[in-house]
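Everything on this sheet refers to the single structure shown next.
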Amino acid sequence: MKVLFCCDDTRPEPWLKGLHDALPGAEIAIWEPGAPQADYALVWAPPQQFLDEQASGLKAMFNIGAGVDALLPLRIPAALPVYRLEDAGMAVQMAEYVAQAVIRFFRGLDQYEADMAQGLWQHQRNPRRVDYPVGVMGLGKMGERVARALTVFDFTVNGWSRSPRELQGVECFSGMDSLDRFLSETRILVNLLPLHDETRDIINARTLALLQPGAYVINVGRGGHVVDADLIAQIESGHVSGAMLDVFREEPLPENHPFWKQSRIILTPHTSARTLAADSIAQIVGKVAAMSRGEPVTGRVDLRKGY
């Protein structure tokens with residue numbers, strides 16, 4: 001068995017060592033142009049040349065992340081099975097990140113931090129949870145984990161997805177026809193959607209205006225979901241109180257981007273849910289073993305849908 005690793009912006013050493021340990025006897029290598037044909041590949045934003053050279057002989061390709069938007073512009077043969085990571089330790093990280101962002105806004109902890117920095121000892125008003133309904137856009141593995149985590153804190157949690165879902169303790173909306181109602185019942189908006197043509201720019205002037213006054217936006221999906229200028233305008237108008245953003249249209253975020261200067265936007269460097277090499281390798285190896293036994297394998301990407 002030969003496995004290729006094609007992830008230019010990922011430190012390869014932990015992956016190569018983990019693959020060697022998990023697949024003794026397999027040939028593991030970093031892809032270089034002209035490399036011999038492999039059986040399997042682990043990729044993150046691979047170049048088209050990699051697919052042109054390798055796709056026809058691969059048994060499967062594994063995307064080492066939950067989002068597959070970097071693959072969508074590429075020419076990938078329909079017969080090549082492409083699999084995404086299913087959780088692999090990322091869902092709990094995402095739930096942690098979102099929960100702290102929601103609670104930080106709800107409890108006014110940012111204002112307490114500002115007060116303490118100025119030597120002010122004063123209390124903010126006590127918020128009521130009923131006034132802060134949370135809307136989670138995207139109810140895949142991570143979105144489901146996030147929604148369930150927020151119900152633990154007794155928030156009213158609604159969810160919106162492309163296809164119908166059922167989650168205990170969460171009112172679920174589905175389809176574009178229900179989006180406006182979902183937004184109108186949301187004060188804290190959490191985005192975990194996959195990025196494709198239907199969801200690109202979905203957080204824009206129109207949809208932000210539908211949120212309840214004093215809304216808050218948490219984006220852990222993709223930067224392409226948010227129209228940056230529209231979000232800034234809604235914050236400056238006061239309709240949106242602020243935002244916590246982990247993903248951006250261009251990463252690293254350019255130093256001259258207006259987000260840097262907006263005090264009501266908290267920025268983090270795409271760190272809400274990091275890929276864990278050991279957990280991911282164990283999941284990938286398990287899928288390879290299942291395929292070799294002729295068993296069904298979950299997590300296959302439908303490139304036509306974009307997830």
Side-chain angles (χ1 to χ4, degrees), residues 1-94 140-142 145 194-197 222 251 270 273-307:
M1 179 192 304
K2 180 168 184 175
V3 181
L4 286 178
F5 184 81
C6 182
C7 314
D8 285 344
D9 62 349
T10 302
R11 193 164 68 91
E13 291 79 11
W15 292 87
L16 298 179
K17 182 181 185 305
L19 288 167
H20 277 295
D21 292 344
L23 296 169
E27 182 181 352
I28 315 293
I30 297 175
W31 175 76
E32 294 180 353
Q37 183 66 57
D39 300 297
Y40 301 97
L42 279 63
V43 304
W44 181 254
Q48 183 62 50
Q49 183 180 358
F50 168 81
L51 289 159
D52 292 343
E53 293 182 359
Q54 293 288 332
S56 62
L58 290 175
K59 298 176 182 177
M61 184 168 73
F62 299 94
N63 188 65
I64 63 166
V68 297
D69 44 289
L71 298 178
L72 301 183
L74 302 175
R75 297 186 304 275
I76 301 175
L80 173 60
V82 179
Y83 295 93
R84 67 180 185 275
L85 292 181
E86 299 174 280
D87 191 348
M90 290 186 288
V92 66
Q93 296 178 65
M94 189 67 80
K141 292 283 187 180
M142 292 196 197
R145 183 66 179 266
L195 182 64
H196 48 75
D197 289 343
R222 285 291 185 266
E251 298 181 2
H270 203 147
R274 304 290 298 275
T275 301
L276 304 177
D279 292 43
S280 301
I281 289 168
Q283 184 179 127
I284 291 168
V285 170
K287 291 180 186 294
V288 169
M291 281 188 282
S292 68
R293 296 190 297 267
E295 299 172 358
V297 178
T298 60
R300 184 166 180 172
V301 175
D302 186 336
L303 294 171
R304 295 169 300 177
K305 293 181 178 180
Y307 56 88

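Here the side chain of Glu27 pairs no donor or acceptor atom with the backbone of Met1 at under 3.5 angstrom. Counting only distance, with no hydrogens or angles, the side chain of Gln93 and the backbone of Gly89 share a donor-acceptor pair below 3.5 Å.
Counting non-hydrogen atoms of other residues, nucleotides and ligands closer than 6.0 Å to CZ of Arg75 gives a total of 12 or fewer. Within 6.0 Å of CG in Asp197 there are 12 or fewer heavy atoms belonging to other residues, nucleotides or ligands. Residue Arg274 places its CZ atom among 12 or fewer non-hydrogen atoms of other residues, nucleotides or ligands, all under 6.0 Å distant.
Expressed to the nearest 0.5 Å, how far CG of Asn63 lies from CE of Met61 amounts to 7.5 Å. Interatomic distance, CD1 of Ile284 versus CD1 of Ile64, reported as 7.0 Å (0.5 Å rounding). The CH2 atom of Trp31 sits 15.0 Å away from the CG atom of Leu42 when rounded to the nearest 0.5 Å.
The side-chain hydrogen bond (donor to acceptor under 3.5 Å, both in side chains) pairs that include a residue from residues 77-90 are Glu86-Lys287, Glu86-Thr298, where partners are two or more places apart or lie in different chains.
A search for side-chain hydrogen bond (donor to acceptor under 3.5 Å, both in side chains) contacts involving Glu32 returns nothing, not counting sequence neighbours. Listed by chain and number, the residues in a side-chain contact (heavy atoms from CB on, under 4.5 Å) with Leu74 are Pro46, Gln48, Leu51, Leu71, Ile76 (sequence neighbours excluded). Lys305 pairs by the salt bridge (Lys or Arg N to Asp or Glu O under 4.0 Å) definition with nothing, not counting sequence neighbours. Partners of Gln54 according to the side-chain hydrogen bond (donor to acceptor under 3.5 Å, both in side chains) rule, which considers only residues two or more places apart in sequence or in another chain, are Gln37. In terms of the salt bridge (Lys or Arg N to Asp or Glu O under 4.0 Å) criterion, residue partners of Asp21 (sequence neighbours excluded) are, by chain and number, Lys17.
For the pair Val43 and Phe62, the minimum side-chain heavy-atom distance is 4.5 Å or more.
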For Thr275 and Trp15: C-alpha separation, side-chain torsions, deciding distance, then whether side-chain contact (heavy atoms from CB on, under 4.5 Å) applies. CA-CA 11 Å; Thr275 301; Trp15 292 87; 3.7 Å; yes

